[in-house]
There are 2 protein chains.
Amino acid sequence: MDVLLDEPEISIRRQRRLSEKECTQHLMPIQDALYVLSGKWKLPIIIALRDNNRRFGEIQRAVTGITARVLSKELKELEMNEFVVRKVYPTTPVTIEYALTGYSDTLDAVIIALHDWGVQHRDRILKRTERA
Amino acid sequence: MDVLLDEPEISIRRQRRLSEKECTQHLMPIQDALYVLSGKWKLPIIIALRDNNRRFGEIQRAVTGITARVLSKELKELEMNEFVVRKVYPTTPVTIEYALTGYSDTLDAVIIALHDWGVQHRDRILKRTERA
DNA sequence: TGGGGCACTATCCTGAAGTATACTGCTATC
DNA sequence: GATAGCAGTATACTTCAGGATAGTGCCCCA
């Protein structure tokens with residue numbers, strides 16, 4: 001529902017929080033960060049890897065619903081971002097393993113922040129629908 | 001580049017970090033959080049609003065490149081998520097103002113985490129391309 | 001009286017993300 | 001000899017976020 005008030009606040013401007021330049025400078029890194037995490041599968045794959053799934057087939061079974069084509073593409077992207085290493089062992093036939101890198105751990109703070117916010121948001125939504 | 005090793009690590013499993021159930025429980029809130037922030041425009045709009053842009057036209061001019069159609073749609077979504085209120089003043093013609101809610105401030109921790117990670121990631125990428 | 005700003009909506013279109021299905025060459029197992 | 005698993009690739013399709021363009025009714029200003 002919209003809020004109806006008597007007088008526009010347009011004249012009662014709050015103090016500026018950030019200059020336009022500061023804002024843009026803040027925006028770009030955030031979008032970079034969002035970019036590497038967005039999409040339907042990146043986080044599920046990372047979580048499957050954290051759960052010690054290493055082989056292509058294992059990961060595909062852990063991340064239910066993903067097709068081989070998409071998993072292959074996503075793993076390549078995660079590898080490019082250095083979150084994942086692809087290890088090839090000269091067995092016959094070759095054994096291939098994927099593993100998270102140490103760099104992937106730098107995402108922890110982000111993941112925790114997103115998680116915490118998501119939990120309280122979910123809670124809030126639930127309470128809102130209960131009230132209604 | 002792939003890494004070549006002598007022996008598969010498949011037997012040398014690291015300790016489990018999270019059970020599968022725990023993982024899924026962690027995943028959903030994260031996806032919820034990502035959902036409300038992802039897309040090309042949500043964050044730029046939030047930042048424009050923080051910068052005290054309140055009128056539709058003001059916001060559109062601040063968020064360069066966005067069309068009225070998309071801005072309208074995004075503002076509705078932000079309103080549904082209770083990050084934004086739409087205030088209607090009974091002037092002639094009606095004056096409409098958008099403003100961030102207190103709830104939008106709960107995103108601060110998430111935005112800061114994403115920002116910090118984004119900054120160091122950018123740095124890392126730059127250094128990598130310099131090296132090459 | 002005609003042009004512009006206001007806050008939008010309607011219609012159509014494009015491109016990127018994701019899906020479905022089939023196929024590869026290799027080996028191990030029934 | 002047939003079937004299944006391994007780690008994918010190839011081709012074709014669908015879906016949907018977002019973009020382009022035009023137009024709404026209202027008012028103000030020259």
Side-chain angles (χ1 to χ4, degrees), chain A residues 2-5 7-11 27 31 34-45 48-49 53-81 84-99, chain B residues 1-5 8-11 31 34-46 48-49 53-81 84-99:
Chain A
D2 293 341
V3 178
L4 253 156
L5 293 178
E7 236 187 310
E9 280 173 28
I10 196 159
S11 44
L27 191 51
Q31 288 177 319
L34 236 36
Y35 182 77
V36 306
L37 289 180
S38 69
K40 195 169 173 184
W41 300 111
K42 299 223 173 51
L43 280 164
I45 291 168
L49 286 163
N53 299 99
R54 301 175 165 285
R55 311 292 305 270
F56 190 93
E58 263 177 17
I59 300 168
Q60 194 178 356
R61 266 173 267 116
V63 180
T64 51
I66 198 168
T67 62
R69 177 200 193 290
V70 172
L71 177 55
S72 169
K73 202 202 68 196
E74 298 283 301
L75 283 171
K76 272 176 195 149
E77 289 179 25
L78 290 171
E79 209 189 336
M80 285 199 324
N81 286 326
V84 161
V85 253
R86 182 178 189 268
K87 301 179 188 172
V88 180
Y89 304 98
T91 53
T92 44
V94 285
T95 300
I96 292 172
E97 277 188 9
Y98 295 91
Chain B
M1 283 301 169
D2 292 341
V3 179
L4 254 156
L5 294 177
E9 280 171 28
I10 198 156
S11 45
Q31 288 176 320
L34 235 36
Y35 182 76
V36 307
L37 288 180
S38 70
K40 196 170 172 183
W41 299 112
K42 297 221 176 51
L43 281 165
I45 291 168
I46 288 173
L49 286 163
N53 298 98
R54 300 173 167 285
R55 310 293 303 274
F56 190 92
E58 265 178 16
I59 299 166
Q60 194 178 355
R61 265 173 268 117
V63 180
T64 51
I66 197 169
T67 63
R69 177 206 192 296
V70 173
L71 178 54
S72 170
K73 203 202 68 198
E74 299 283 301
L75 283 171
K76 270 176 196 148
E77 288 179 27
L78 290 171
E79 209 189 335
M80 285 197 325
N81 285 327
V84 160
V85 252
R86 182 178 189 268
K87 300 179 189 173
V88 180
Y89 303 98
T91 52
T92 44
V94 286
T95 301
I96 292 172
E97 278 188 8
Y98 296 92

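A note on names: the letters A, B, ... follow the listed sequences, proteins ahead of strands, and every chain is numbered from 1.
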**OP:** Round to the nearest Å and state the distance from Gln60(B) atom CD to dG5(C) atom C1'.
**Re:** 12 Å
Original post:
So how far is it from Lys87(B) NZ to Ile96(B) CD1, rounded to the nearest 0.5 Å?
Top reply: 13.0 Å
Subject >> Atom pair distance, as rounded to whole Å: CD in Glu58(B) and P in dG5(C) >> reply: 14 Å
**OP:** Write down the atom of Ala62(A), the atom of Asn53(A), and the distance for their closest heavy-atom approach.
**Re:** CB-OD1, 3.8 Å
**OP:** May I have the distance from Ile96(B) (atom CD1) to dT9(C) (atom C1'), rounded to whole angstrom?
**Re:** 13 Å
Donor-acceptor pairs under 3.5 angstrom involving side-chain atoms of residues 69-77 of chain A: please list them, not counting sequence neighbours.
unit_1	atom_1	unit_2	atom_2	d
Glu77(A)	OE1	Lys42(A)	NZ	3.2

**OP:** Please state how far atom CD in Glu79(B) lies from atom C1' in dA7(C), giving the value in whole angstrom units.
**Re:** 14 Å
Original post:
Roughly how far, to the nearest 0.5 Å, is the CD1 atom of Ile46(B) from the CG atom of Leu37(B)?
Top reply: 6.0 Å
**OP:** Output the distance between atom OH (Tyr35(B)) and atom CG (Asn81(B)), rounded to the nearest 0.5 Å.
**Re:** 8.5 Å
Original post:
Expressed in angstrom and rounded to an integer, what is the separation of Glu97(B) atom CD from dA7(C) atom C1'?
Top reply: 13 Å
Subject >> Taking every non-hydrogen atom, the tightest pair across Pro44(A) and Val63(A) >> reply: O-CG2, 3.8 Å
Subject >> First and last nucleotide of DNA chain D, 5' to 3', lying under 4.0 Å from heavy atoms of chain A >> reply: dC6(D) to dA12(D)
Original post:
Think Lys76(B) has a side-chain N or O under 4.0 angstrom from the OP1 or OP2 of dT9(C)?
Top reply: yes
Original post:
Quick one: are Val84(A) and Ile45(A) in side-chain contact, heavy atoms under 4.5 Å?
Top reply: no
Original post:
Taking only N and O in the side chain of Arg61(B), is any of them less than 4.0 Å away from OP1 or OP2 of dG5(C)?
Top reply: no
Original post:
Does a side-chain heavy-atom distance below 4.5 Å link Lys40(A) with Ile66(A)?
Top reply: no
Original post:
Once you round it to whole Å, what is the distance between P of dC6(C) and CZ of Phe56(B)?
Top reply: 11 Å
Original post:
Counting distance only, does the side-chain N/O of Arg54(B) pair as donor-acceptor with the main-chain N or O of Leu49(B) below 3.5 Å?
Top reply: no
**OP:** Determine, for nucleotides 22-30 of chain C in 5'-to-3' order, which nucleotides have protein heavy atoms under 4.0 Å from the base (write B), from only the sugar-phosphate (write S), or from neither (write -).
**Re:** -----S---
